[in-house]
Amino acid sequence: MVALAGCALAVLLNTGSADGQPSTTPSTPISTPPPDSGGKGDEVVQTQWGPLGPADRDFMNRVKQAGLWEKPAGEKGKAKRADQPKIQEACKHLIEGHTLLDNVVNRAGVLLGHTLPTEASDEQKGWLAEMDAAAGDEFDAVFANRLRAAHGKVYAYAAQIRAGTKNELIRILSTQAMITVFDHMKVLEETGRVDFAGLESPQPLAPAPPADTTGTPDANGDQAGEQTANPTDGVIPTVPEGTRFTRTAEQGVFGDNNGVFFGAIAVLALALVGMRVISRSKKSRRKSRSY
């Protein structure tokens, strides 16, 4: 009976959760736009994944150029410092991580009609030249500090893009970039050669502008009403209608399926009571036989 009640509970809950899910719709067909159709300069181009603006294009370029110098840096470290396990581990993460990011950004560039750079920047080429000229412990210091400083800046930029981009593909790319870059910062720090004193110090966020408490006089010369400072600077977070969060708030803990859930609990409770009754009945029969 317990097994049957458990099965009934599972079936009812599964049925209820399925009923509460929104219906799925076919995905949007993917079309590849012509090269260089993703816009230039300050232009904002509408794509099937959302608008693509100058910051989105700049971010794609930076992700691509990061791979164009950091993968070679990893290859140099593997060749020059084969006897240093921590340097070797950092090089492995750099090569694998930017191979993955290259695949993502290359695909994003094709789908969004944006042509990506094919060379590292002059500054990045200079860092690689420093590594070519260094050897031994000096190489380790140049390798760890140049890469760690660059990753710190990219990580902050990726977070900024992820927080504000309106384009779905750029959200995917920036999310993967943050995961990869964080991993690289970690393994670079584990080499023990990062000079944290040389890193750029973080700065506090600029304070919110003071609220306007002057108000507007009404016809009688009184203030229109009290105004209070909004900690979100006028941006009030909202939850889209029909999501799991709004259904929970309006319809109960289990959305539309409260009745199903409590019905399943009742079935289980009745089964347990039935087991108790049967158990007592067996005990009374045994006593009667003993007499």
Side-chain angles (χ1 to χ4, degrees), residues 22-72 94-125 127 147 149-185 200 202-203 205-206 232-243 245:
S23 60
T24 56
T25 56
S27 58
T28 305
I30 296 177
S31 59
T32 303
D36 292 326
S37 61
K40 295 182 179 179
D42 293 334
E43 184 181 5
V44 177
V45 176
Q46 297 299 323
T47 76
Q48 65 188 107
W49 291 279
L52 184 72
D56 300 318
R57 292 189 290 271
D58 178 68
F59 180 67
M60 283 193 285
N61 291 344
R62 290 178 184 272
V63 170
K64 181 63 179 179
Q65 285 186 313
L68 290 171
W69 85 275
E70 290 176 21
K71 283 177 67 177
L94 286 169
I95 294 169
E96 291 178 354
H98 282 289
T99 298
L100 171 61
L101 270 183
D102 266 356
N103 292 335
V104 179
V105 73
N106 289 343
R107 183 60 175 161
V110 170
L111 294 176
L112 294 170
H114 178 66
T115 301
L116 297 166
T118 57
E119 291 186 2
S121 69
D122 291 339
E123 184 180 36
Q124 292 165 342
K125 291 177 181 178
W127 296 337
L147 286 163
H151 277 82
K153 292 180 179 179
V154 171
Y155 187 77
Y157 188 38
Q160 178 186 350
I161 294 295
R162 181 62 182 83
T165 184
K166 309 298 187 296
N167 189 282
E168 181 182 358
L169 294 187
I170 301 300
R171 283 195 292 275
I172 294 171
L173 174 62
S174 56
T175 298
Q176 183 58 55
M178 290 177 67
I179 294 170
T180 301
V181 172
F182 180 78
D183 172 69
H184 291 176
M185 287 195 297
E200 185 176 338
Q203 300 297 320
L205 292 175
T232 58
D233 294 333
V235 180
I236 301 174
T238 58
V239 178
E241 290 297 328
T243 64
F245 300 99

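Along the sequence shown, residues carry numbers from 1.
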Give me the atom names and distance for the closest heavy-atom approach of [X] to [Y].
X	Y	result
Pro51	Lys166	CG-CB, 3.5 Å
Asn106	Lys64	OD1-NZ, 3.1 Å
Tyr157	Ala55	OH-O, 3.6 Å
Ser37	Pro34	OG-O, 2.6 Å
Thr115	Asn61	O-OD1, 4.2 Å
Ala120	Trp69	CB-CB, 4.1 Å

Which side-chain N or O atoms in residues 170-180 pair as donor and acceptor under 3.5 Å with protein atoms at least two apart or in another chain?
from	atom 1	to	atom 2	distance (Å)
Arg171	NH1	Thr165	O	3.4
Ser174	OG	Ile170	O	2.8
Ser174	OG	Arg171	O	3.1
Thr175	OG1	Arg162	NE	2.7
Thr175	OG1	Arg171	O	2.8
Gln176	NE2	Thr180	OG1	3.0
Thr180	OG1	Gln176	O	3.0

query = Parallel, tilted or perpendicular for His184 and His151, by the 30°/60° rule?
reply = perpendicular
ask   = Considering residues at least two apart in sequence or located in another chain, which fulfil the salt bridge (Lys or Arg N to Asp or Glu O under 4.0 Å) criterion with Arg62?
value = Asp58
ask   = Checking side-chain contact (heavy atoms from CB on, under 4.5 Å) for the pair Leu116/Gln65: CA distance, chi angles, key distance, verdict?
value = CA-CA 9 Å; Leu116 297 166; Gln65 285 186 313; over 6 Å; no
inquiry  = Test side-chain contact (heavy atoms from CB on, under 4.5 Å) on Arg107 and Leu169; report intermediate values, then the result.
reply    = CA-CA 9 Å; Arg107 183 60 175 161; Leu169 294 187; over 6 Å; no
Got a second to check how far [X]'s [atom1] is from [Y]'s [atom2], nearest 0.5 Å?
X	Y	atom1	atom2	answer
His98	Asn103	NE2	CG	12.5 Å
Lys40	Arg57	NZ	CZ	10.0 Å
Leu112	Met60	CG	CE	5.0 Å

Over 12 non-hydrogen atoms of neighbours within 6.0 angstrom of CD in Glu43 =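 Result for CD/Glu43: enclosed.
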ask   = Does atom CD of Glu200 have more than 12 heavy-atom neighbours from other groups under 6.0 Å away?
value =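 It does not: Glu200 CD has 12 such atoms or fewer within range.
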inquiry  = Quick one, Leu111 and Thr32 - any side-chain contact, counting heavy atoms below 4.5 Å?
reply    =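 Leu111 reaches Thr32 side chain to side chain.
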query = Does any non-hydrogen side-chain atom of His114 lie less than 4.5 Å from one of Asp56?
reply = no
